[in-house]
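Right, one structure below, let's go through it.
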Number of protein chains: 2
Amino acid sequence: MTPSQNIKTFLEAGPEYLPSVSVDCVIFGFHERQLKVLLLEFKHTKAFALPGGFVFKEESADEAATRILWERTGVKDIYLEQFHTFGEQNRGNWDVHKATMSSHGFELETNHWLLQRFISIGYYALVDFSKVIPTPDIFSDIGGWHDIHQIPTLILDHNRIVEKALSTLRLMLDYKLVGFNLLSETFTMNELQSLYETILDKKLLRANFQRKMLSMEILERVEKKFSGKAHKPPYIYRIKKTT
Amino acid sequence: MTPSQNIKTFLEAGPEYLPSVSVDCVIFGFHERQLKVLLLEFKHTKAFALPGGFVFKEESADEAATRILWERTGVKDIYLEQFHTFGEQNRGNWDVHKATMSSHGFELETNHWLLQRFISIGYYALVDFSKVIPTPDIFSDIGGWHDIHQIPTLILDHNRIVEKALSTLRLMLDYKLVGFNLLSETFTMNELQSLYETILDKKLLRANFQRKMLSMEILERVEKKFSGKAHKPPYIYRIKKTT
DNA sequence: TCAAAAGTGTTTTTTTTACACCCATGG
DNA sequence: CCATGGGTGTAAAAAAAACACTTTTGA
């Protein structure tokens, strides 16, 4: 199928989706001590947006989010949580969509389903940065990973969605033990701490952080790493299998 | 307008609403040391349900919730918070609606908008019990206030929605100072404490509770109440105006 | 043997919990 | 003048924060 045929198929798939409902995903990753968000960039218009999509009539909203996430990252079994639903009136009026489609030779009528008002259910995902293979959708190029402090201007209310996702993540961090999902399967205490420090945007005392994490009894030591550096090598931890 | 005409008008109003999107409200009230939820009861079928409704194309989801709440309680300026969106596939298939309408002489076709699958945005509201005048909608009678521990079986997933609302309220209670909204404008420390005890479902120490509440510096004393009882009268408190 | 990073231990401070005491009122 | 519920004080316990010390490694 040519890209153009893909788009045609998509534009005609309106009736398969639940009308008025969309899903937007804030995909968090952690790399080089930075908390990052995966964005898409619409072709031609160069507008940035969150990865999103629509809900098939034969799937739940959660399933839709999981599917969208998988399509954009190649990863299944992702930690995923709904955090807020955005129902403002000004959601819709997708000049970007119109322009993008136009550039592909599709002129959308003003009452086309893609240009209607949508409610958006917001999900945030915590992924292992190293496992993700960003994959654009048919409208978009890969927008890449962006540091949480340097998110460009996004379409619609997507900047607000990112803000809300971040504040929810911060709340959850010391309520649920959730941060691990952003690291690879094994990690050092230092990596875990710098993850927490990045998300919470404040320094933590090493000694106390270590005690707190270990006191929860969900970490187990794997082995020592001999990093080749001139100091005591750290333990490697992983999450206990709770079987 | 006769009731029957009302229903006809409503059934034809489908195009004015955002398709697939509904709003359900868990309205909490506090009375006689019980946390209560306001329910509706569908006429004829006797099925209980949460007060809910749909979102007009010209209003936001929050506005819709506010409107629905006002219609069912006669109260504006209600403390209202979105807590979760329910997007399961089995939402829809409204046998109850069908039966109710049928009993009014309206036979709905299976593709009628009211019988489609709906996503439901859940809101919980905290209201001053004494100010509420429960008002049924056109399908329903007043289902009345039900103790949170004795909620009857509700339609669809509404029982789950109540559960989720309650657990969110419990979390919020010691995160945001939110409980006051369930009391009348002035209240005693004893009333406030029994409210907390009811919601959290555990006893609290009187002395410490008092200290904690006062330490937040959002309460002010109004006067003493001379209750006519044989003991020291309590202070009356109200929330400080944060002007 | 030294510097650097990791791990553990100890003290201090703050917060939470528990309990005791005093106060005002109407009978 | 006392029983009762309301308000305040203080001690004990627990949790959090701050700081110090020890361990392991490669240079």
Side-chain angles (χ1 to χ4, degrees), chain A residues 30 32-33 170-177 179-180 183-184 186-240, chain B residues 30 32-33 170-177 179-180 183-184 186-240:
Chain A
F30 186 65
E32 290 178 347
R33 317 240 149 167
R170 280 190 180 140
L171 272 182
M172 283 298 140
L173 202 58
D174 47 47
Y175 165 64
K176 267 186 179 180
L177 293 320
F180 315 103
L183 300 172
S184 51
T186 59
F187 47 86
T188 66
M189 195 55 81
N190 188 309
E191 288 168 337
L192 187 60
Q193 183 176 345
S194 74
L195 167 65
Y196 270 71
E197 289 181 339
T198 305
I199 295 178
L200 300 175
D201 205 20
K202 69 175 176 191
K203 285 271 163 229
L204 301 170
L205 284 182
R206 192 173 54 85
N208 296 339
F209 180 81
Q210 171 129 344
R211 215 188 325 276
K212 195 170 185 177
M213 288 297 131
L214 293 179
S215 74
M216 301 188 299
E217 304 197 336
I218 53 168
L219 295 182
E220 63 181 356
R221 285 180 178 165
V222 182
E223 70 200 302
K224 286 210 173 192
K225 177 166 72 177
F226 288 79
S227 58
K229 285 184 183 163
H231 50 72
K232 181 175 181 177
Y235 287 104
I236 304 288
Y237 294 90
R238 81 172 152 221
I239 301 172
K240 273 187 195 165
Chain B
F30 186 64
E32 290 179 346
R33 316 238 148 170
R170 281 192 178 138
L171 272 181
M172 282 299 141
L173 203 57
D174 47 49
Y175 164 63
K176 267 186 182 182
L177 294 321
F180 315 102
L183 299 173
S184 51
T186 59
F187 47 86
T188 66
M189 197 52 83
N190 188 310
E191 289 169 336
L192 187 59
Q193 183 176 345
S194 75
L195 168 65
Y196 270 69
E197 290 180 341
T198 304
I199 295 178
L200 300 176
D201 204 20
K202 68 175 176 191
K203 285 270 163 232
L204 301 170
L205 285 181
R206 190 174 54 87
N208 297 337
F209 180 82
Q210 171 129 345
R211 217 188 324 276
K212 196 168 183 177
M213 287 299 131
L214 293 180
S215 74
M216 301 189 298
E217 305 197 335
I218 53 168
L219 295 183
E220 63 182 356
R221 286 181 178 164
V222 181
E223 70 200 303
K224 285 210 175 192
K225 177 167 72 175
F226 288 78
S227 58
K229 286 184 183 162
H231 50 73
K232 180 176 181 178
Y235 287 105
I236 305 287
Y237 296 91
R238 82 171 151 222
I239 303 172
K240 272 185 196 166

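Every chain is numbered from 1 and lettered A, B, ... according to where its sequence line falls, protein lines coming before strand lines.
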Could you give the distance from [atom1] ([X]) to [atom2] ([Y]), rounded to the nearest 0.5 Å?
| X | Y | atom1 | atom2 | result |
| --- | --- | --- | --- | --- |
| E217(B) | K240(B) | CD | NZ | 5.5 Å |
| L183(B) | S194(B) | CG | OG | 7.5 Å |
| L205(B) | R211(B) | CG | CZ | 10.0 Å |

Return the value, rounded to whole Å, for the distance between atom [atom1] of [X] and atom [atom2] of [N].
| X | N | atom1 | atom2 | value |
| --- | --- | --- | --- | --- |
| F209(B) | dG6(D) | CZ | P | 13 Å |
| L219(A) | dG7(C) | CG | P | 12 Å |
| M213(A) | dG7(C) | CE | P | 14 Å |
| L204(B) | dC19(C) | CG | P | 15 Å |

Original post:
To the nearest 10 degrees, how far apart in direction are the end axes of the helix from dT1(C)-dA27(D) to dG27(C)-dC1(D), each fit to five base pairs?
Top reply: 20°
Original post:
Aromatic ring centroids of Y237(A) and F187(A) under 6.0 Å?
Top reply: no
**OP:** Scan nucleotides 11-23 of chain D nucleotide by nucleotide, 5' to 3', and note B when protein non-hydrogen atoms come under 4.0 Å of the base, S if they reach only the sugar-phosphate, - if neither.
**Re:** ------BBB---B
**OP:** Give a yes/no answer on whether the side chain of Q210(A) brings an N or O atom under 4.0 Å of OP1 or OP2 in dA6(C).
**Re:** no
Subject >> Short side-chain N/O contact from N190(B) to OP1 or OP2 of dG6(D), under 4.0 Å >> reply: yes
Subject >> side-chain contact (heavy atoms from CB on, under 4.5 Å) evaluation trace for I218(B) with F180(B) >> reply: CA-CA 11 Å; I218(B) 53 168; F180(B) 315 102; 3.5 Å; yes
Original post:
Taking F209(B) as the fixed residue, which of L214(B), L192(B), N190(B) is the one that meets the side-chain contact (heavy atoms from CB on, under 4.5 Å) rule?
Top reply: L192(B)
Original post:
Taking the side chain from R170(B) and the backbone from I199(B), do they hold a donor-acceptor pair closer than 3.5 Å?
Top reply: yes
Original post:
Under 3.5 Å, is there a donor-acceptor pair between the side chain of E197(A) and the main chain of L204(A)?
Top reply: yes
